K.L.:
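Let me give you the structure first, and then I'll get to my questions.
Source: prediction; values computed, not measured.
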Amino acid sequence: MKNIAFLTSGIMDYLSSDAWNGIKNAARNDDVNLITVPLKYIARDLNGLPDRYEYQYEVTASFLKKESIDGLIVAADYIGCLTTREVLEDFIRSLDDIPMVLMASRIKGYPGVTFDNVTGIKEALSYLIEKKGIRNIGMIGGPDWNNDAHERRLAYEECLREHGIEIKDNWYIEGDLTERVIVEAGELLDMAPELQAIFCVNDSTAIGLYDVMRRRGLEPGSDICVFGFDNLVSGAMMNPSLSTIDANTTELAGYAYKMLMRMLCGEEVGEEKIPTRFICRDSFGNANDAVDRGGDQLISKLFLDHYFDQVFYRYRNHEMEDGSQLRLRFIEVMSEMIDITRRIDVDDAGIRRLTDKIKSFLKNGALDYTDYDELIPYMQRVHSEVTKCFTDDMRKKRASEVLAVLYKYIIKIQNNRNVKYKEHLDHILYSMKTLVRDSLNFSYANDLSYVELVSHLDWMDIRNAYVYIFEKPIVRLQQELVDTSIPIRLKATLKNGVPESVPFNRQPVTCEELFNNAEMGDEKKELVMMPLYFGDTVYGLILHDLTEMTFRNGEFLTNQLGTAARMIEVLRVNNEVQKQLEDSIAVMRQHNIELDKLSRNDVLTGILNRRGFNETAEEIITENKQAGRDTLISYVDMNNLKIINDRFGHEEGDFSLQTISSILMDVVGDNGIVGRIGGDEYAFVYSGILQGKEIADRIKATFEEFNKNSVKPYNISVSCGFCLVAGADKEMTLEEAMSIADRDLYIAKQSKDNRIIKNRNGRKIS
C-alpha cells in the first residue's frame, strides 16, 4: 500500500480542508494511505504572534523519507507565502528524493497544477468596466515571487490596458496574502482616493481591506467595489458578501493527486492548469444586477446542469461520495416546473406536488452546498420568467405563492440548522473542558500516562491514533534542522476507539517506520501528523485520524497534547531527581551528616548559599536602617540555562553559573554581598552610591564584554529586578523586599536577551 503525504499550511484553514477533500475524493478507489502534514508557514516572522513557537510544526517534514513516503503533494505557496522565494525553494529541494507534485504553486523543474489566473479576473474586471462604468480600479497584490500573485497582477494590468485604461503607479500595493494588510490597505486608500474598485489578490486580503474601509467610514459595494480570489466560505458570509473568483481548491488538489499517481506509474508530467470563474456578489453593488437575464435559458431544460453548477457549485466537491443525487433531483424538479409553464390545465394539486418536490429537494441537503447569493437571485429570476409565461393573474398569483412558500421553508431549514449548530458547539466546548481536565490529571510518569493522551479523542471523531515520543526531547530554535536518527518510541495507540499501551520491547521504531509498523495494521488510513511541543522543546509526534472536527479544533488538540507531553516529561525528570535526592540523603545519614550544619557557602560557585545570604542580608539591612542609609536589594535570574545544558552539556551550564557569580561579585565589590539562592537564581545586597539603573547597566555591559571576548559558542546573560529599602523605612523586611524585586524581575524577563547561540563570527543569533 502506498503512502501519499499532503504538505499544507494550517490544519484549521479552509484551503487545507478543501484541498484534503479533493485528495480524499480522488483517492477513494485507490489502495493508498493519505497523511496530511500541516507545516504552518515556514520561516515566518513570529514577532507579535500568540504562539511564538509555531515553527515547531516544521519538525514533521523532517520525518518524511523516501523509505516511508511514496509521493508528496506540496501546497508550496501556502506554506511559503510568508517567507522568501529562496527559502521556499531550499525547502522544496530538501524533499527532492521523494516524487512530488506541486499544488497551486510553480517552481522551475517541478511538476504541478495551478489555477488559471487570467480568465476569471478578466471577467470580473470587464463587468466593472463595461456594465458599471468603473475605470479607476486598484489592486492589493502579493509578493512578486509568488506565482499566483504575479500572474494575477499581470492579468489585472493586461485587462485594464485592453480597455484603454492607463494604469497609475499609485493604484497598486503589495501585501502578504493574509488578512494582516491593515497598513498596506490604508496606504492604498491614501495614495489613490479616486479608486472606485479594488481587486484583492485573494479573499483573505479582501477581508483585511473590508476592516480598513469600515474604520474609515467606507462601505464595500457602495463606496468602493471589492473582489477577491479563491471563493472562501468566509467571503460569501461577509456583509456585504464578497465578489470573488471561484478557484476550486478541491478540484485543484484532486487533480494534483491524479498527476502524482500518473507520475508514480511512470508517466511524464509537467505544469498544468484548471479553469476559474467569476462570482458576482453584493460587494459589486446589487448581485441581482450582475446576472445574465437570458430568460430563454432560465426555463430551458438544456441549461439545467449549468444552473445547478452555478447555484450549488460547492456540491461538486462532494458529488462522488454523496448518495442523495442532488443534481438529478434538481433537474427533475426544474423540468416539472418548466413543463407547468407550458400547460394550460395546471390546478392547485399540481402546484402542491411541485412545491412538495422542491421542499424534498431542499430537505435532502441542497442547502449544505448552496451559495445564497446565487440561490436567491436565481429563484427570483426563474419566478420572473415563469410568470411571463402565464397569461392570467390567477396562475401568476400561484407562482408567487410557490416562491413565498420556498422562502419560508428555506428560513425554517436554516433556523433548524442554527439550533443544531449551537448544540454542537456546546458539546464541543464541554468536550474541550473535559480534555483539558483529564489529559493533565497525571499523578505518575510512565507509559500509561501516554495512554491518557489518546483516551479522550472520541469527541473529535478520532478512533485511531499513534503517539511517538523521542527518547530525549529536542530543544529546537527556528529554522534549525532535526536529527532524525534520534531514537523514537511508539508509546501508545488508539485502535478502533480502544486505547492501549505498547509493550516496551515493541516500542522502538525508526523514522522509516512511522507510517508502517506492526502496531498500525494493514487497513487503509487517512491520518494527520502533528508535533507534540511546548515552547522550544519538541517531545514527539502524534498521528491520528483526519476528521472534519480536526479542521475545526486540530490546533487546540495539538497544543493540549503538547502541554500534556511536557507534564509527563517534567514528572519523569522530577521522579529521577527525587530518587537521586533520596539516595543522597541515605548516604548522608549513613555518614552522620546533619543537614542543619551545612556550610553557608554554595559548593559550585563559592559564594553565599540561600541560608548564608539571608542571614547576612538581614544584618546589613538592620545596620543600614539604624544608620539611616538606603539598601538596594536585587533578584537576579540567568537567561536560558536549560538550552545551554541541553545543547552543550551540564559542564557548560556549571561554567555559566560560576561566571555569573564572578561578574556579580566584581560589580558589587566591597559595597555588599552576593548569594546563589537557587539553581539559576542569585541575589545581592548593595549599599554603595550607584542607583538600580546604573547597577543594571554595569551588569549588562560587563556580560556583553565577557561574551565578546569569550571563546564559548554561546552567550551568557541575566535579568535583574530591584527594590530599594529606604533607611527611614523601619517596617520593610528582607522577605518583602525580595518579593518586590521578584516582581520587577518578572517584568525584566519579558524583554530578556534570547540570542543564545553565537554564529561563526561570534555574533549573537536567535
K.L.:
Taking the side chain as everything from C-beta on, heavy atoms only, tell me whether K491 gets closer than 4.5 Å to Y468.
P.N.:
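A side-chain contact under 4.5 Å is absent here.
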K.L.:
Kindly determine whether T249 and N21 satisfy side-chain contact (heavy atoms from CB on, under 4.5 Å), including the steps that lead there.
P.N.:
CA-CA 9 Å; T249 305; N21 283 325; over 6 Å; no
K.L.:
What pair of heavy atoms forms the shortest contact from A155 to V118, and how long is it?
P.N.:
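Closest approach of A155 to V118: CB-CA, 4.0 Å.
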K.L.:
Should R566 and E569 count as an ion pair when the cut-off is N to O under 4.0 Å?
P.N.:
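The answer is no: the pair does not qualify as a salt bridge.
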K.L.:
Work out which heavy atom in A5 is nearest to a heavy atom in L64; give both atom names and the distance.
P.N.:
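Scanning both residues completely, I find the closest heavy atoms to be CB-CD2, 4.5 Å.
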K.L.:
I'd like to know if R476 pairs up with E58 as an ion pair, taking the criterion as any Lys NZ or Arg NE/NH1/NH2 lying under 4.0 Å from an Asp or Glu carboxylate oxygen.
P.N.:
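Yes, R476 and E58 are salt-bridged.
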K.L.:
Let me confirm one number: the NZ-CG distance from K472 to D483, rounded to the nearest 0.5 Å.
P.N.:
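It comes to 11.0 Å.
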K.L.:
Should V467 and V454 count as side-chain neighbours, where that means a heavy-atom distance under 4.5 Å?
P.N.:
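Touching, per the 4.5 Å side-chain cut-off.
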K.L.:
Using modelled atom types only, decide if a donor and an acceptor are shared between the side chain of K495 and the backbone of E519 within a distance under 3.5 Å.
P.N.:
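Yes: the side chain of K495 pairs with the backbone of E519.
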K.L.:
Does the N553 side chain pair with the main chain of T550, one donor and one acceptor, at a distance under 3.5 Å?
P.N.:
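No; zero donor-acceptor contacts below 3.5 Å.
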K.L.:
Can you list the steps and then say if L46 with E54 is a side-chain contact (heavy atoms from CB on, under 4.5 Å)?
P.N.:
CA-CA 8 Å; L46 299 169; E54 76 168 26; 3.7 Å; yes
K.L.:
Taking atom types as modelled and ignoring hydrogens, do the side chains of D30 and Y257 form a donor-acceptor contact shorter than 3.5 angstrom?
P.N.:
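Yes, side-chain donor-acceptor contact under 3.5 Å.
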K.L.:
Quick one, D461 and E548 - any side-chain contact, counting heavy atoms below 4.5 Å?
P.N.:
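Answer no - side chains too far apart.
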K.L.:
Which is it for L34 and L527 under the side-chain contact (heavy atoms from CB on, under 4.5 Å) test, yes or no, and what are the steps along the way?
P.N.:
CA-CA 6 Å; L34 299 176; L527 303 172; over 6 Å; no
K.L.:
Is it true that a side-chain atom of R152 and a backbone atom of V201 form a donor plus acceptor pair closer than 3.5 Å?
P.N.:
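Yes: the side chain of R152 pairs with the backbone of V201.
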K.L.:
With a 4.0 Å cut-off, would you call E268 and R262 a salt bridge?
P.N.:
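No.
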K.L.:
Between D203 and T244, does any side-chain donor sit less than 3.5 Å from a side-chain acceptor?
P.N.:
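Side-chain D/A pair, D203 to T244: present.
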K.L.:
Report yes if some heavy atom in the side chain of I73 is under 4.5 Å from a heavy atom in the side chain of I23; otherwise report no.
P.N.:
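Yes. Closest side-chain heavy atoms under 4.5 Å.
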K.L.:
Classify the side-chain pair N33/N3 by whether it contains a donor and acceptor separated by less than 3.5 Å.
P.N.:
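Looking only at side-chain atoms, N3 and N33 do form a donor-acceptor pair, the distance falling under 3.5 Å.
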K.L.:
What residues form a side chain to side chain donor-acceptor pair (under 3.5 Å) with D230, not counting sequence neighbours?
P.N.:
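D230 satisfies side chain to side chain donor-acceptor pair (under 3.5 Å) with no residue once adjacent residues are dropped.
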K.L.:
Counting only heavy atoms not in K524, do more than 12 fall under 6.0 Å of its NZ?
P.N.:
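For K524, atom NZ is crowded (more than 12 foreign heavy atoms under 6.0 Å).
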K.L.:
Between the main-chain N or O of P531 and the side-chain N or O of Q56, is there a donor-acceptor pair closer than 3.5 Å?
P.N.:
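It does not hold such a pair.
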K.L.:
Is the closest side-chain heavy-atom distance between Y539 and I568 below 4.5 Å?
P.N.:
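Of all side-chain heavy-atom pairs linking I568 with Y539, none is under 4.5 Å.
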K.L.:
On a heavy-atom basis, which atom in V181 and which in G175 lie closest, and how many Å separate them?
P.N.:
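V181 and G175 have their closest heavy atoms at CG1-CA, 4.1 Å.
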K.L.:
May I ask you to check whether E523 and N464 show a side-chain donor-acceptor distance below 3.5 Å?
P.N.:
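N464 and E523 do not have a side-chain donor-acceptor pair below 3.5 Å.
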K.L.:
Got a second to check how far L541's CG is from I488's CD1, nearest 0.5 Å?
P.N.:
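Answer for the CG-CD1 pair, L541 versus I488, is 6.5 Å.
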K.L.:
Within a reach of under 6.0 Å around CZ of R52, are more than 12 heavy atoms found that belong to other residues, nucleotides or ligands?
P.N.:
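No, not enclosed.
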K.L.:
So which heavy atom on G10 is nearest to which on P38, and how close?
P.N.:
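In terms of heavy atoms, the two residues are closest at C-CB, 4.3 Å.
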K.L.:
To the nearest 0.5 angstrom, please state how far the CD atom of Q560 sits from the NE2 atom of H456.
P.N.:
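Going from CD on Q560 over to NE2 on H456, the span is 10.5 Å.
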K.L.:
Can a donor-acceptor pair be found, under 3.5 Å and without considering hydrogens, that links the side chain of N248 to the backbone of T250?
P.N.:
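Flag set: sc N248 to bb T250 pair under 3.5 Å.
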K.L.:
Going from CG on N47 to CZ on R44, what distance comes out if it is rounded to the nearest 0.5 angstrom?
P.N.:
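The CG atom of N47 sits 11.0 Å away from the CZ atom of R44.
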K.L.:
Closer than 3.5 angstrom, by distance alone: can the side chain of D545 be matched with the main-chain N or O of T547 as a donor-acceptor pair?
P.N.:
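No, because the side chain of D545 does not come within donor-acceptor range (under 3.5 Å) of the backbone of T547.
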K.L.:
Taking C-beta and beyond as the side chain, do Y110 and D96 meet within less than 4.5 Å on heavy atoms?
P.N.:
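Result yes, sub-4.5 Å side-chain heavy-atom pair found.
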K.L.:
Any chance the side chains of D51 and Y533 put a donor and an acceptor closer than 3.5 Å?
P.N.:
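Y533 and D51 do have a side-chain donor-acceptor pair below 3.5 Å.
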K.L.:
I need the minimum non-hydrogen distance between E179 and S204, along with the two atoms involved.
P.N.:
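For E179 versus S204, the nearest heavy atoms are CG-O, 3.3 Å.
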K.L.:
Using a strict threshold of under 4.0 Å (side-chain N to carboxylate O), is an ion pair present between D116 and R277?
P.N.:
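Here R277 does not pair with D116 in a salt bridge, since their nearest N and O are not under 4.0 Å apart.
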K.L.:
Before giving the answer on ring pair (Phe, Tyr, Trp, His ring centres under 6.0 Å), spell out for F63 and F470 the whole-Å C-alpha distance, their side-chain angles and the decisive distance to 0.1 Å.
P.N.:
CA-CA 12 Å; F63 292 91; F470 305 137; 5.7 Å; yes
K.L.:
Taking NZ, NE, NH1 and NH2 as the nitrogens, is one of them in R647 or E480 under 4.0 Å from a carboxylate oxygen of the other?
P.N.:
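Salt bridge flag = yes for E480 with R647.
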K.L.:
Do R463 side-chain atoms and L457 backbone N/O form a donor-acceptor pair below 3.5 Å?
P.N.:
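Side chain of R463 to backbone of L457, a donor-acceptor pair under 3.5 Å: no, none is there.
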K.L.:
So which atom in M12 and which in G554 form the shortest heavy-atom distance, rounded to 0.1 Å?
P.N.:
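Answer, listing the atom of M12 first, then G554: SD-N, 3.8 Å.
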K.L.:
Using side-chain contact (heavy atoms from CB on, under 4.5 Å), reason through F229 and T276 one step at a time and then give a plain yes or no.
P.N.:
CA-CA 10 Å; F229 199 110; T276 58; 4.1 Å; yes
K.L.:
Check whether the side chains of N146 and D148 place a donor and an acceptor atom closer than 3.5 Å, and report yes or no.
P.N.:
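Distance-only check fails for N146 and D148.
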K.L.:
Any side-chain heavy atom of Y450 sitting closer than 4.5 Å to one from S501?
P.N.:
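Of all side-chain heavy-atom pairs linking S501 with Y450, none is under 4.5 Å.
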K.L.:
Y466 and side chain to side chain contact (heavy atoms under 4.5 Å, CB included): which single residue from L514, L494, L543, I542 fits?
P.N.:
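Only one of L514, L494, L543, I542 forms a side chain to side chain contact (heavy atoms under 4.5 Å, CB included) with Y466, namely L543.
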K.L.:
Under a 3.5 Å distance rule, please check whether S68 uses its side chain to pair with a backbone N or O of K65 as donor and acceptor.
P.N.:
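Yes.
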K.L.:
Just checking, any donor-acceptor pair under 3.5 angstrom between side chains of R281 and S243?
P.N.:
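Absent: no donor and acceptor within the cut-off.
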K.L.:
Is the backbone N or O of P99 less than 3.5 Å from a side-chain atom of K66, with the two atoms forming a donor-acceptor pair by type?
P.N.:
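No: the side chain of K66 does not pair with the backbone of P99.
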K.L.:
Is any side-chain N of the basic residue among E89 and R85 closer than 4.0 Å to the acidic one's carboxylate O?
P.N.:
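Salt bridge between E89 and R85, a charged N being under 4.0 Å from a carboxylate O: yes.
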K.L.:
Do other residues, nucleotides or ligands put more than 12 heavy atoms under 6.0 Å from the CG atom of D522?
P.N.:
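No, not enclosed.
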K.L.:
Run the side chain to side chain donor-acceptor pair (under 3.5 Å) test against T178 and tell me which residues pass, sequence neighbours left out.
P.N.:
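D176.
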K.L.:
Would you give the length of the straight line joining atom NZ of K122 to atom CG of N117, rounded to the nearest 0.5 angstrom?
P.N.:
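So the gap between those two atoms works out to 12.0 Å.
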K.L.:
Might you confirm whether atom CG of L49 has over 12 heavy atoms from other residues, nucleotides or ligands at distances under 6.0 Å?
P.N.:
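Counting other residues, nucleotides and ligands, CG of L49 exceeds 12 neighbours.
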K.L.:
With the side chain counted from C-beta on, respond yes when N202 and L177 share a heavy-atom pair under 4.5 Å apart, and no when they do not.
P.N.:
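Yes, at least one pair of side-chain atoms sits under 4.5 Å.
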K.L.:
When you measure from the side chain of S105 to the backbone of D77, do you find a donor-acceptor pair of N or O atoms at a distance under 3.5 Å?
P.N.:
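Side chain of S105 to backbone of D77: a pair is present.
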K.L.:
Out of I11, T60, L557, N559, which residue meets the side chain to side chain contact (heavy atoms under 4.5 Å, CB included) rule with M530?
P.N.:
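Of the listed options, the one satisfying the test is I11.
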K.L.:
One thing to verify: whether E526 and R28 come together as a salt bridge, which I'm taking to mean a side-chain N less than 4.0 angstrom from a carboxylate O.
P.N.:
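Result for this pair is no, no salt bridge flagged.
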K.L.:
Looking only at the side chains, is there a donor atom on one of E272 and Y255 sitting less than 3.5 Å from an acceptor on the other?
P.N.:
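Result is yes, a qualifying pair exists.
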K.L.:
Got a sec, which residues hit ring pair (Phe, Tyr, Trp, His ring centres under 6.0 Å) with F199, two or more places apart in sequence or on another chain?
P.N.:
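Applying ring pair (Phe, Tyr, Trp, His ring centres under 6.0 Å) to F199 gives F227.
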K.L.:
Would you please say whether a donor-acceptor pair under 3.5 Å links the side chains of S94 and D90?
P.N.:
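No, no side-chain donor-acceptor contact under 3.5 Å.
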